[in-house]
Amino acid sequence: MANRIFSTLPNSIFEEMSGLAMSLGAINLGQGYPDDPGPEAIRAKAADAVLNGNNQYPRTSGLSELREAVANHYRRTQNLDLDWTTEVTITSGATEALAAAFFGLIEPGDEVIVFQPLYDSYLPQIRRAGGVARLVTLQPPHWRFDRAMLEAAFTERTRFVVLNNPINPAGIVLPHEDLALLAEFCVAHDVIAICDEVWEQVVFGNSQHRPLIAYPGMRERCVKIGSAGKMFGLTGWKIGFLCAAPALTKAMSSAHQFLTFTTAPNLQTAVAWGLENSPDWWSAMPRALERSRDRLVDGLRREGFSVLSCQGTYFINVDLPASGISEGDRDFCLRAVKEAGVAAVPVSAFYEQDPVSTIMRLCFPKRDEILDAGIERLAKARELSRKG
Ligand code: PMP
Ligand code: GLN
């Protein structure tokens with residue numbers, strides 16, 4: 001017999017919507033990936049490493065050159081002081097880093113605080129590790145938590161909190177006061193924070209990503225997770241970074257050892273090169289994305305859609321009722337892909353309890369003509385929805 005946790009889960013919403021988009025020939029503004037091929041110089045390094053480099057198992061903790069490049073990158077961009085020899089592990093994407101954190105750290109019965117909307121791999125992995133999830137629900141349009149919400153969630157059995165910041169799908173970057181508050185609770189309750197910061201470089205305008213590990217008392221009780229897939233817009237590469245103090249790293253890298261053991265060496269080589277040789281990328285990439293974001297937001301607003309503010313990630317969110325759509329998010333997204341030829345993601349899929357079902361997420365790093373056609377098709381879907 002299959003186990004209860006995984007056998008009863010539906011397909012991931014990304015798989016479902018991309019599958020529909022592909023089979024129906026629809027424009028895909030659902031799953032989060034850019035439609036350009038990614039930085040050519042980094043892809044050329046990977047190709048060269050495949051042809052001329054080492055193609056055998058790397059060390060389980062990752063190539064030294066990449067671990068050092070990760071520590072250097074975080075020193076330059078976030079002023080962090082990580083010892084790459086004892087505090088950085090390379091994983092097969094952030095998804096595997098999260099699994100290694102949960103399997104390496106959680107003891108059966110430990111309470112784990114998780115904020116919804118949540119990335120879909122968290123709950124099944126936490127539960128399979130024996131954790132008991134306690135959900136804190138964030139609501140649009142601000143998606144923030146406060147002291148009363150944390151007071152209600154933290155108990156004497158709380159051992160971990162999982163924080164995604166910048167938040168997918170909300171598109172917000174948490175401000176300093178929220179992070180300081182969470183750090184205060186972690187220290188007071190002796191809790192470890194597992195921080196999914198994969199969107200740390202995809203931040204726009206004056207918004208600033210602040211890593212929780214830099215807050216007072218958090219250096220030894222924080223796991224910081226990053227992803228080269230998001231940093232360089234190469235989402236299929238699945239190169240993740242797991243950073244934490246040595247005692248935490250030891251437990252998590254041991255779990256990583258028995259999850260995947262290691263990660264493709266040629267892609268590691270190319271990411272290491274990219275981190276050390278792309279000084280302009282970190283401002284050019286968000287600027288280019290911001291242009292696409294604005295094109296989609298402006299076009300949707302011209303059509304009468306109501307769009308929430310977006311400070312980071314690849315995603316904007318449309319408020320359906322405020323856009324004159326009375327259907328729930330899932331029904332509207334199914335109608336949009338089947339009847340109007342455009343795929344989106346219903347935000348209710350990111351909630352386990354009491355879902356917010358009035359918001360549709362759209363992915364904007366796409367060519368202008370795709371965005372323009374997407375706007376037209378979404379307007380058509382709204383017309384069809386109004387006719388019922
Ligand atoms: N966490 C969040 C919040 C994400 O949005 C994603 C991917 N979009 C991941 C984790 C997974 O990252 P990776 O592809 O590196 O496994
Ligand atoms: N994280 C990506 C998104 O939010 C999708 C990742 C996946 O397909 N599992 O769209």
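Just follow the structure's listing: the first ligand is 1, and inside any ligand the first atom is 1.
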J.: Strictly distance-based, threshold 3.5 Å: is any side-chain N or O of Asp110 a donor or acceptor partner for the main-chain N or O of Arg159?
T.: no
J.: Can you list the atoms of ligand 1 that are under 4.0 Å from a heavy atom of Trp199?
T.: 3 (C), 4 (C), 5 (O), 8 (N)
J.: How many angstroms lie between OG1 in Thr358 and CG in Asp329, if you round to the nearest 0.5 Å?
T.: 7.0 Å
J.: For ligand 2, is any non-hydrogen atom under 4.0 Å from Thr235's backbone (N, CA, C, O), its side chain (CB onward), both, or neither?
T.: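 The answer is neither.
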J.: Below 4.0 angstrom from a heavy atom of Phe315, which ligand 2 atoms are there? Numbered from 1 as shown, please.
T.: 3 (C), 4 (O), 10 (O)
J.: Give me the residue, atom name and distance of the protein heavy atom closest to atom 2 (C) of ligand 2.
T.: Gly32 N, 4.1 Å
J.: Below a 4.0 angstrom heavy-atom separation, can you tell me which part of Lys238, side chain or backbone, both or neither, approaches ligand 1?
T.: side chain
J.: At what distance is the nearest protein heavy atom to atom 7 (C) of ligand 2, and which residue and atom is it?
T.: Phe14 CD1, 3.6 Å
J.: Just going by heavy-atom distances, which of Asn168, Asp196, Thr313, Ile167 is nearest to atom 10 (C) of ligand 1?
T.: Asp196
J.: For ligand 1, which atoms have a heavy atom of Gly93 less than 4.0 angstrom away?
T.: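 Reading through ligand 1 atom by atom, the close ones are 15 (O), 16 (O).
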J.: On the ring face of Tyr33, is Lys230 found with NZ or CZ under 6.0 Å from the centre and within 45° of the axis?
T.: no
J.: Does any N or O in the side chain of Thr249 come within less than 3.5 Å of the main-chain N or O of Ala244, such that one atom is a donor and the other an acceptor?
T.: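 Yes: the side chain of Thr249 pairs with the backbone of Ala244.
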J.: With no hydrogens and no angle check, just 3.5 Å: does a side-chain donor-acceptor pair link Gln116 and Tyr122?
T.: no
J.: For Glu369, I'd like to know if atom CD has over 12 heavy atoms of other residues, nucleotides or ligands within 6.0 Å.
T.: yes
J.: Working to the nearest 0.5 angstrom, can you tell me the gap between Leu138 CG and Phe145 CZ?
T.: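 If we round to the nearest 0.5 Å, Leu138:CG and Phe145:CZ are 7.5 Å apart.
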J.: Can you see whether Asn168 engages Thr313 through a side-chain donor-acceptor pair at a distance of less than 3.5 angstrom?
T.: no
J.: How far is atom 6 (C) of ligand 1 from the closest protein heavy atom, and which atom is that?
T.: Tyr119 CZ, 3.4 Å
J.: How far is atom 8 (O) of ligand 2 from its nearest protein heavy atom, and which residue and atom is that?
T.: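 Nearest neighbour among protein heavy atoms for atom 8 (O) of ligand 2, to 0.1 Å: Gln31 NE2, 2.6 Å.
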J.: Does ligand 1 have an atom under 4.0 Å from some heavy atom of Lys230?
T.: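 Yes, that is the case, since the closest heavy atom of the residue is under 4.0 Å from the ligand.
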J.: Is it the side chain, the backbone, both or neither of Thr95 that has a heavy atom closer than 4.0 Å to ligand 1?
T.: both
J.: Could you check whether any heavy atom of Tyr119 sits closer than 4.0 Å to an atom of ligand 2, since that is the contact criterion I want to use?
T.: yes
J.: With backbone taken as N, CA, C and O and side chain as the heavy atoms from C-beta onward, which portion of Arg361 lies under 4.0 Å from ligand 2: side chain, backbone, both, or neither?
T.: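 Contact part for Arg361 vs ligand 2: side chain (C-beta onward).
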J.: Using a 4.0 Å cut-off to any heavy atom of Asn164, which atoms of ligand 1 qualify?
T.: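 Going through ligand 1 atom by atom, the ones under 4.0 Å from Asn164 are 3 (C).
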J.: Is there a donor-acceptor contact under 3.5 Å linking the side chains of Thr263 and Ser92?
T.: yes
J.: Report yes or no: do Ser323 and Arg382 form a side-chain donor-acceptor pair below 3.5 Å?
T.: no
J.: Please report whether ligand 1 has a polar contact with Ala94, defined as an N or O pair separated by less than 3.5 Å (distance criterion only).
T.: yes
